[in-house]
Structures are given as structure tokens and as C-alpha cells.
Amino acid sequence: MTSSPVSPFPEHVRLTGEGLVLRDWTEDDLAAMPELFDHPDIAYWTPIVSPFDDAAARARLDKARQLRADGTAVLLAITLDGGAPLGEVMLRRAPEGTELGYAVGPAHRGQGLAGRAVRVMAAYAFGELGVDRVVLELEAENAASVAVATANGFRLLGVPLIEGEEKGRPYALQTWALDRA
């Protein structure tokens, strides 16, 4: 059995909706990235490296470009108007499905950015990429992310937990799904 090749992601992605502009990370964003990602909550709940400094910002931008080129993932800056980044939203293709992920800088929380970015990215995955399901993989104790999932129509799947260890700490991820309407 042969698998069909995954179509590449576009070289540039700019998505609008929900009062947001999701756009490619650029060299101009490097200085802002540590303020967004160097935070204990992000270090705890995500695989983003910590501490997150200028070198980590460069590595993340390079990784984002490589993942895009490989057809594996798209990492986009969350903005209100295409300008200053407030966080990041990710869409990753994997054998188990199409996963969404996000991180919002601590100074920009409480504005519904994560939920809005998830809705825009899910619409892109359904409409442009033709996927039937997107998933969020979350720790049950991450109340903010569980709230994003439930508020946006994701349902908890009755599948085994994804267990592992990251940064010296064990985790168990639940899988939440949203199906194409």
C-alpha cells in the first residue's frame, strides 16, 4: 500500500477572521518572541524551549520555516492587524491526524486570542486543506486550554492518553476533536 504524498503548504500563509490576522513569522519578529514565549506557563504546558532567549527565537523561526518546507507544520504569528505578534498558532500534520496548538504571550491573555486563532486555523484546515478532523492534545489540568477546547466545540475523545516526558516532567495528554461540519 502506498500513501499519497502530502501536498505542500503554501510558501506564505496569511489568514484573516475573528478580528485576527494570522501570518508568517518574519525576521522582524525575533525581538518580540522572547517576551511572548519566555514564561513559566509556556515552559510548563508546551514543548517550547525554556528559557526562551534571542537564540531560541532564531531557532524557532528556522524550525518553523523547515517544518513548512517539509510539509509537516505551519506556525503562524497571532496578530490583530498583521503587525506585532501576540502569540502563535500551529497546524501540524501527523499520522494520527491534524493537530492544532497555540501559545499566547502573557501580556495578551484574556482577550480570546487562543480561541479565535483556533477557529481561524480550523477553518483553514477544513476549507483549504480538506481535512475532516482537527485535534487539540491537552493536559486535563490545563484549565485554560480545556476551556478553549470546550468553548470552541471540541469534544473529548475516548482514546488512550498520550503519555510521555518533556523537560524532565511527565505528561498525559487528552485528545479533543472538532470535525468538519
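By convention here, the first residue in the shown sequence is residue 1.
Pairing each heavy atom of Pro10 with each of Tyr124, the nearest pair is CD-OH, 3.4 Å. When every heavy atom of Pro51 is checked against every heavy atom of Ala56, the shortest pair comes out as O-CB, 4.4 Å. Taking all atoms of both residues into account, the shortest heavy-atom contact from Phe126 to Asp179 is CZ-C, 3.8 Å. Heavy atoms only, all atoms of each residue included: Ala103 and Ile78 are closest at O-CD1, 4.4 Å. A pairwise comparison of heavy atoms in Val120 and Gly17 identifies CG2-O, 3.5 Å as the closest pair. Nearest heavy-atom pair across Gly115 and Val148 is CA-CG1, 4.0 Å.
Atom CG of Leu136 and atom CG of Asn152 lie 8.5 Å apart (nearest 0.5 Å). Atom NE2 of His12 sits about 12.5 Å away from atom CG of Leu76, to the nearest 0.5 Å. Rounded to the nearest 0.5 Å, atoms CD (Glu139) and OH (Tyr171) are 9.0 Å apart. Rounding to the nearest 0.5 angstrom, the gap separating the CE atom in Met121 from the CD atom in Glu18 is 13.5 Å. The structure places CG of Leu138 at 7.0 Å from CD of Gln174, a figure rounded to the nearest 0.5 Å. Separation of atoms NE2 (His39) and CD1 (Ile48) is listed at 12.5 Å; rounding is to 0.5 Å.
Under the 4.5 Å side-chain criterion, counting only non-hydrogen atoms from C-beta, Val131 is not in contact with Arg93. Taking the side chain as every heavy atom from C-beta outward, Glu141 and Trp45 approach each other to under 4.5 Å. Side chains of Leu100 and Arg119 form no contact here, defined as non-hydrogen atoms less than 4.5 Å apart. A 4.5 Å side-chain heavy-atom check between Leu173 and Leu161 finds every atom pair outside the cut-off. Here the side chains of Ser50 and Ile42 are not in contact, with every heavy-atom distance at 4.5 Å or above. Side-chain contact between Leu15 and Val13 is present, with heavy atoms from C-beta onward closer than 4.5 Å. Using a 4.5 Å heavy-atom cutoff, the side chains of Leu91 and Leu75 are not in contact. A heavy-atom distance below 4.5 Å is found between the side chains of Phe154 and Val134.
Residues Leu61 and Val89 are members of separate hydrophobic clusters, defined by side-chain heavy-atom contacts under 4.5 angstrom among Ile, Leu, Val, Met, Phe, Trp and Tyr. If you chain together hydrophobic residues whose side chains sit under 4.5 Å apart, Val118 and Val135 never meet in one group. Side-chain heavy atoms closer than 4.5 Å link hydrophobic residues (I, L, V, M, F, W, Y) into clusters, and following such links, possibly through other members, connects Leu22 to Leu129. Connection of Leu36 to Leu30 is established within a shared hydrophobic cluster, with ILVMFWY side chains joined at heavy-atom distances below 4.5 Å, either directly or through further cluster members.
Other residues, nucleotides and ligands place more than 12 heavy atoms under 6.0 Å from the CD atom of Gln111. Heavy atoms from other residues, nucleotides or ligands lying under 6.0 Å from CD of Glu35 number 12 at most. Within 6.0 Å of the CD atom in Glu27, the count of heavy atoms belonging to other residues, nucleotides or ligands exceeds 12. Heavy-atom neighbours of Lys167 NZ from other residues, nucleotides or ligands within 6.0 Å: above the threshold of 12.
Residues that satisfy the salt bridge (Lys or Arg N to Asp or Glu O under 4.0 Å) test with Asp38, not counting sequence neighbours, are absent from this structure. Annotation: salt bridge (Lys or Arg N to Asp or Glu O under 4.0 Å) contacts of Asp70 (sequence neighbours excluded): none. The salt bridge (Lys or Arg N to Asp or Glu O under 4.0 Å) search around Asp62 returns Arg58, not counting sequence neighbours.
With respect to the salt-bridge test (charged N to carboxylate O, under 4.0 angstrom), the residues Glu88 and Arg60 qualify. One finds no salt bridge joining Glu99 and Arg133 here, because no Lys/Arg side-chain nitrogen approaches an Asp/Glu carboxylate oxygen to under 4.0 Å. Contact check on Asp24 versus Arg65 returns no salt bridge, with no Lys/Arg side-chain nitrogen under 4.0 Å from an Asp/Glu carboxylate oxygen.
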Applying side chain to side chain contact (heavy atoms under 4.5 Å, CB included), run through Thr46 and Met90 and close with a yes or a no.
-> CA-CA 12 Å; Thr46 77; Met90 178 233 20; over 6 Å; no
Derivation of the side chain to side chain contact (heavy atoms under 4.5 Å, CB included) call for Leu80 and Leu86 | CA-CA 8 Å; Leu80 296 177; Leu86 311 174; 3.6 Å; yes
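At least one donor-acceptor pair closer than 3.5 Å links the side chain of Arg109 to the backbone N or O of Val104. Under a 3.5 Å cut-off, the side chain of Arg169 and the backbone N or O of Tyr44 do form a donor-acceptor pair.
Counting only N and O atoms by type, the side chains of Ser145 and Tyr102 include a donor and acceptor under 3.5 Å apart.
For Arg14 and Trp25, the positive end is not near the middle of the six-membered ring at less than 6.0 Å and at most 45° from its axis.
The only option from Asp29, Thr79, Asp81, Thr16 that meets the side-chain hydrogen bond (donor to acceptor under 3.5 Å, both in side chains) definition with Arg23 turns out to be Asp29.
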